[in-house]
2 protein chains.
Amino acid sequence: MQSLTTRQQEILDLIRRFITETGYPPTRADINRALGFRSPNAAESHLRALERKGALQLTPGSSRGIRLLDEEPVTESHQGLPIIGQVAAGSPILAEEHVRGHCHAAADMFSPRADYLLAVRGMSMRDAGILDGDLLAVHRTREARNGQIVVARLQDEVTVKRFRRDGHRVWLQAENPEFRTLELDLRRDPLDIEGLGVGLIRNGTPL
Amino acid sequence: MQSLTTRQQEILDLIRRFITETGYPPTRADINRALGFRSPNAAESHLRALERKGALQLTPGSSRGIRLLDEEPVTESHQGLPIIGQVAAGSPILAEEHVRGHCHAAADMFSPRADYLLAVRGMSMRDAGILDGDLLAVHRTREARNGQIVVARLQDEVTVKRFRRDGHRVWLQAENPEFRTLELDLRRDPLDIEGLGVGLIRNGTPL
DNA sequence: ATAGACAGTGTTTTTTTGTACAGCAATAGT
DNA sequence: ACTATTGCTGTACAAAAAAACACTGTCTAT
């Protein structure tokens with residue numbers, strides 16, 4: 001949609017208001033009355049301009065034949081949170097090819113806000129109640145404090161672990177005695193914190 | 001809103017469809033065309049009847065002056081799923097006093113559909129990844145099959161357990177070796193299945 | 001039995017609307 | 001300088017739409 005002039009935006013807003021108030025779109029005369037125009041052509045030419053710019057669609061010959069073409073830009077809040085599946089080495093976590101779908105969940109159901117849902121593989125966080133297949137709600141941030149559950153990227157893989165740090169040493173602890181804790185040295189080992197686990201969504205019940 | 005006849009419901013549905021398709025309400029003629037009436041009065045009298053019954057509101061003298069008065073009864077899908085906290089003995093689980101809030105989550109995020117969220121207390125289902133404070137998405141049903149996680153009511157309390165049944169014997173298994181399995185005999189012990197666990201929402205991470 | 005809702009056909013009249021045409025002034029781009 | 005776009009006034013007319021009036025039936029509660 002091309003950019004609108006202030007007057008055109010004003011008219012578009014009026015139409016929107018009119019529809020929510022009355023339940024049907026305004027006629028040219030309604031628009032004129034509302035804005036104080038004296039010629040039926042005033043509204044008409046504005047509508048034509050708005051149609052040219054793709055803001056609305058007119059149905060010729062039809063009374064009140066105005067349809068708003070809002071199609072609000074598709075953001076998370078509209079198609080839901082992206083669900084991230086297997087993350088390939090080296091590519092950003094939110095890359096298109098990792099998005100396995102969308103979940104119509106409120107991002108602000110969690111606090112801090114969730115930015116995406118990561119499908120967890122494996123049972124390494126079992127004792128923290130995070131099972132294989134669960135969707136971990138992740139808040140994007142690079143800051144992590146001791147004891148928090150983080151989404152970390154180390155050279156080739158993206159993993160969910162409990163974070164602990166002391167100076168340049170970092171421990172990524174699994175919550176399952178069958179898995180061992182990773183010990184890293186920030187001076188040699190690459191480590192990126194991709195985000196913080198802020199919640200969990202499970203679909204169905206485990207066996 | 002009074003109850004509508006089949007014909008009236010049909011017309012109401014048509015109007016709804018027309019609006020979503022075109023962006024504006026139909027004229028009497030549009031309705032006649034769609035339903036094959038030959039007299040403009042057919043649509044008119046139906047509209048009058050629908051207005052009398054409170055299904056819609058007509059604006060006299062205005063073309064397409066039809067406004068639907070849906071005000072769909074406030075259902076889960078609008079204010080979100082109810083979150084059920086402590087359930088008192090003997091009262092229905094969805095009673096007002098148990099509702100601790102609402103969660104703006106899509107009920108159909110889970111399958112089968114979730115009807116409410118039950119705040120889980122205690123760690124008896126720990127090894128199924130259900131921790132204290134988690135919200136269990138529950139689908140209301142009285143049917144349960146072996147191995148499913150159920151919300152069960154036995155005399156005084158409501159509890160979440162894994163269900164197993166053989167004839168008139170029912171076992172409610174905790175998923176934590178520190179808790180013991182309840183064994184019931186349907187011939188003496190009262191047992192109501194309130195619903196099935198179909199998912200889980202956790203807010204924040206466990207320590 | 002009888003009044004009232006339901007479900008229509010048909011005709012006519014009056015508004016309500018859309019739309020084309022003729023201008024005018026200011027502004028912005030090429 | 002010239003052309004297009006914006007942003008209007010004003011007139012006129014035809015099509016679209018609402019609405020009133022007159023009738024015919026079938027049900028269904030009272």
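Quick note on labels: first sequence line is chain A, next is B, and so on, each numbered from 1.
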- Gap between atom CD1 of B:I66 and atom CD of B:E51 - 0.5 Å precision: 10.0 Å
- Message: Between P on D:dG10 and CZ on A:F37, what's the gap in Å once rounded to a whole number?
- Response: 13 Å
- Query: B:Y24 has an atom OH; how far is it from atom C1' of C:dG18, in whole Å?
  - Reply: 13 Å
- Query: Can you tell which of B:D192, B:L172, B:D189 makes a side chain to side chain contact (heavy atoms under 4.5 Å, CB included) with B:L154?
  - Reply: B:L172
- Message: Measure NZ/A:K53 against C1'/D:dT5 and give the value in whole Å, please.
- Response: 9 Å
- Item | Nearest-Å distance for atom pair CG/P, residues B:L56 and D:dA18 | 13 Å
- Note on the structure: When rounded to whole Å, the CD to P distance for the pair B:E10 and C:dC6 reads 15 Å
- Integer-rounded Å distance: D:dA18 C1' and B:I31 CD1: 12 Å
- Taken to the nearest 0.5 Å, the spacing of B:L184 CG from B:R165 CZ works out to 11.5 Å
- Query: Checking A:R67 side chain against B:T20 main chain: does a donor-acceptor pair fall under 3.5 Å?
  - Reply: yes
- Taking OP1 and OP2 of D:dA16, is either one under 4.0 Å from a side-chain nitrogen or oxygen of A:S63? no
- Item | Close side-chain approach of A:I149 to A:F163, heavy-atom, < 4.5 Å | no
- Does C:dA5 have OP1 or OP2 sitting under 4.0 Å from an N or O in the side chain of B:Q8? no
- Message: Can you list, in residue-number order, the parts of residues 39-50 of chain A that come under 4.0 Å of DNA chain C, counting heavy atoms only?
- Response: A:P40, A:N41, A:E44, A:R48
- Item | Sequence-distant partners of A:A34, side chain to side chain contact (heavy atoms under 4.5 Å, CB included), two or more places apart | A:L14
- 5′-ward residue of the pair B:N32/B:G61 relative to DNA chain C: B:N32
- Message: Tell me whether the side-chain N/O atoms of A:R38 come closer than 4.0 Å to OP1 or OP2 in D:dC8.
- Response: no
- Message: What is the separation between atom CD on B:E51 and atom C1' on C:dA5, rounded to the nearest whole Å?
- Response: 16 Å
- Task: Check whether any side-chain nitrogen or oxygen of B:S62 sits under 4.0 Å from OP1 or OP2 of C:dT17, and answer yes or no.
- Result: yes
- Is any side-chain N or O of A:T5 closer than 4.0 Å to OP1 or OP2 of D:dG7? yes
- Task: Would you tell me if any nitrogen or oxygen in the side chain of A:R28 comes within less than 4.0 Å of OP1 or OP2 on C:dA20?
- Result: no
- B:R64 side chain N/O closer than 4.0 Å to the phosphate oxygens (OP1, OP2) of D:dA17? yes
- Can you tell me the distance, in whole Å, between the CD atom of B:Q9 and the P atom of C:dA7? 12 Å
- Query: Do A:R64 and B:S63 have a side chain donor and acceptor closer than 3.5 Å?
  - Reply: yes
